[in-house]
2 protein chains.
Amino acid sequence: MVGRAPAERPPRTDARRNRERLLVVAREAFDEAGPDASLVEIARRAGVGQGTLYRHFPTRAALLSAVLADRIETLRRQAAELSAALSTDEALAAWLHLFLVHARVNQGLAGAFMTEGPETAADCHQTITAAAADLLGRAQRTGTARPDLSPDDLIQIVVGIALATARDGDAGQADRLLTLVLDAVHRTGPVA
Amino acid sequence: MVGRAPAERPPRTDARRNRERLLVVAREAFDEAGPDASLVEIARRAGVGQGTLYRHFPTRAALLSAVLADRIETLRRQAAELSAALSTDEALAAWLHLFLVHARVNQGLAGAFMTEGPETAADCHQTITAAAADLLGRAQRTGTARPDLSPDDLIQIVVGIALATARDGDAGQADRLLTLVLDAVHRTGPVA
DNA sequence: TGGACAACCGGACATCGTGTCCGTATCGTA
DNA sequence: TACGATACGGACACGATGTCCGGTTGTCCA
């Protein structure tokens, strides 16, 4: 084991402050303009120089996943809550719906999963997949969900729905497609 | 009815030649670098100025859909062939598989559907949807596909699968997800 | 308290991509 | 051949990304 960082100092207060401001502004900007929002514009609105932005968040993905971190955390928590409050099937359906809505609203979520390799968004993906595994696993053990479906595949197809329906305002279509998928998920027997 | 175009002249030979060269080069470029390939680079490799490129294809989408036009045409033809050769269900499955493969290989296809409004890629979308409507309609009349599914929704979810699985090389996942969807499509009765 | 050093800031800059504009060259026709 | 319509080409304006460095500001210690 090599020498570890020698008592690494905490970041300076102004650095910490700027980081917070950037996150707040970035959240707004991504909500307004989608995941392609201009980074210089974000820096400008946060009242900092571009250098500051790029120092804190070297890439767009880094900023995106930082912004998304708490949404992801929220989704994780909601998975647990729904799992406790509803039946397995209802919980799975409700949570996937929440996930879909979030993924569509800021397409950045789905975008962050896709445009990056596993490096940056790995944590997010990990957390989401774990939550899905929990809910799906319960349904599978209960016998109401087909056993030959992985949490990763489930997440991926919902991401697909989000990506495919992100642009047009037809939210109904996204819901219909999710319903279709859920139908398939619960199909454990042969075709009727 | 107002006066129609007065005997509109055919394009000049050099214009026609340049258009061809651009299409050839663009096809290569999109295959190599994906749908975000640089347009100036395409112009350069085709030996024409940027102005020429933008005159023939005012937007990236215009170029993309021109490049895709023959692939789309191929898909349309294959739909008819499969429809004649196989059972309705097999034809539908086989064609959706072909569509998925094409959409993934050059993500540009799916990209063209998404990044544009209905304006530019309308023809492509129209053709694809029509082919899907044909195959799906037959299955629905046969009674092997759920009646509450529109061709548009079907296409959209396959596009979603393509978008979501375009980056990572796991072609198996795309197939698994398509199978899942097909399962749902054929589910005409209550859950087993 | 105050001074020195590291950490941090800000914005200019280099680079790349898109799409427009217009002077010039070339094609088609009389 | 000569003329007008058509098309060409590249400079240009604009906007975005990411880097770099001189100046500034916190932090720590004497």
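So you know, we letter chains A, B, ... as the sequences are listed, proteins then strands, and number each from 1.
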Discussion item. Using whole Å, what does the distance between atom P of nucleotide C/dG11 and atom CD of A/Glu41 come to?
Written reply: 14 Å

Item to complete: Would you mind telling me which of C/dC8, D/dC8, C/dT18 lies closest to the side-chain atoms of A/Ala15?
Response: C/dC8

Discussion item. Counting the atoms with a prime plus P, OP1 and OP2 as sugar-phosphate, which does A/Ala46 contact under 4.0 Å by heavy atoms, base, sugar-phosphate, or nothing?
Written reply: nothing

Fill in: Protein-nucleotide distance (B/Arg19, atom CZ; D/dT6, atom C1'), rounded to Å
16 Å

Discussion item. Among C/dT18, C/dC9, D/dA16, which nucleotide has an atom closest to any side-chain atom of A/Val40?
Written reply: D/dA16

Item to complete: Determine whether B/Arg104 and B/Ile161 make a side-chain contact, defined as any pair of heavy atoms from C-beta on separated by less than 4.5 Å.
Response: no

Discussion item. I'd like to know if A/Arg60 reaches the base of D/dT17 with its side chain, counting only an N/O donor and acceptor under 3.5 Å.
Written reply: no

Worksheet item: Between C/dT26 atom P and B/Asn18 atom CG, what is the distance in whole Å?
Response: 13 Å

Discussion item. Students often get this wrong, so: under 4.0 angstrom with heavy atoms, is A/Thr13 touching a base, only sugar-phosphate, or nothing?
Written reply: sugar-phosphate

Worksheet item: Any side-chain donor-acceptor pair under 3.5 Å between A/Asn18 and A/Thr52?
Response: no

Worksheet entry | Heavy-atom side-chain contact between A/His56 and A/Leu23 under 4.5 Å | no

Worksheet item: Side-chain donor or acceptor of B/Arg12 under 3.5 Å from a matching atom on the base of D/dA7?
Response: no

Fill in: Spacing between B/Arg55 atom CZ and D/dG10 atom C1', to the nearest angstrom
11 Å

Discussion item. Would the distance check show the side chain of A/Arg71 and the main-chain N or O of A/Ala103 forming a donor-acceptor pair, the cut-off being under 3.5 Å?
Written reply: no

Worksheet entry | Atom-pair distance (OH on A/Tyr54; C1' on C/dC8), nearest Å | 18 Å

Worksheet item: Where each residue is assigned the nucleotide of DNA chain D containing its nearest heavy atom, which of B/Val48 and A/Pro11 is assigned the position nearer the 5′ end?
Response: B/Val48

Worksheet item: Do the non-hydrogen side-chain atoms of A/Phe99 and A/Gln78 ever get within less than 4.5 Å of each other?
Response: no

Worksheet entry | Most 5' of B/Ala37 and B/Asp14 on DNA chain C, judged by nearest nucleotide | B/Ala37

Discussion item. Less than 4.0 angstrom between a side-chain N/O of A/His56 and OP1 or OP2 of C/dC9, yes or no?
Written reply: yes

Worksheet entry | Atom-to-atom span, CZ of A/Arg44 to C1' of C/dA12 - whole angstrom | 17 Å

Item to complete: Find the distance A/Arg16:CZ to D/dT27:P and express it as a whole number of Å.
Response: 12 Å

Response to the item:
With the side chain defined as heavy atoms from C-beta on, B/Arg9 is closest, among C/dG28, C/dG19, D/dA7, to C/dG28

Worksheet item: Looking at the side chain of A/Gln50, which of D/dT19, D/dA7, C/dT18 is the nearest nucleotide?
Response: D/dT19

Worksheet item: Could you give the CG-to-P distance, from A/Leu53 to D/dT19, as a whole number of Å?
Response: 12 Å

Worksheet item: At under 4.0 Å between heavy atoms, what does B/Thr52 touch on the DNA or RNA strands: base, sugar-phosphate, or nothing?
Response: base

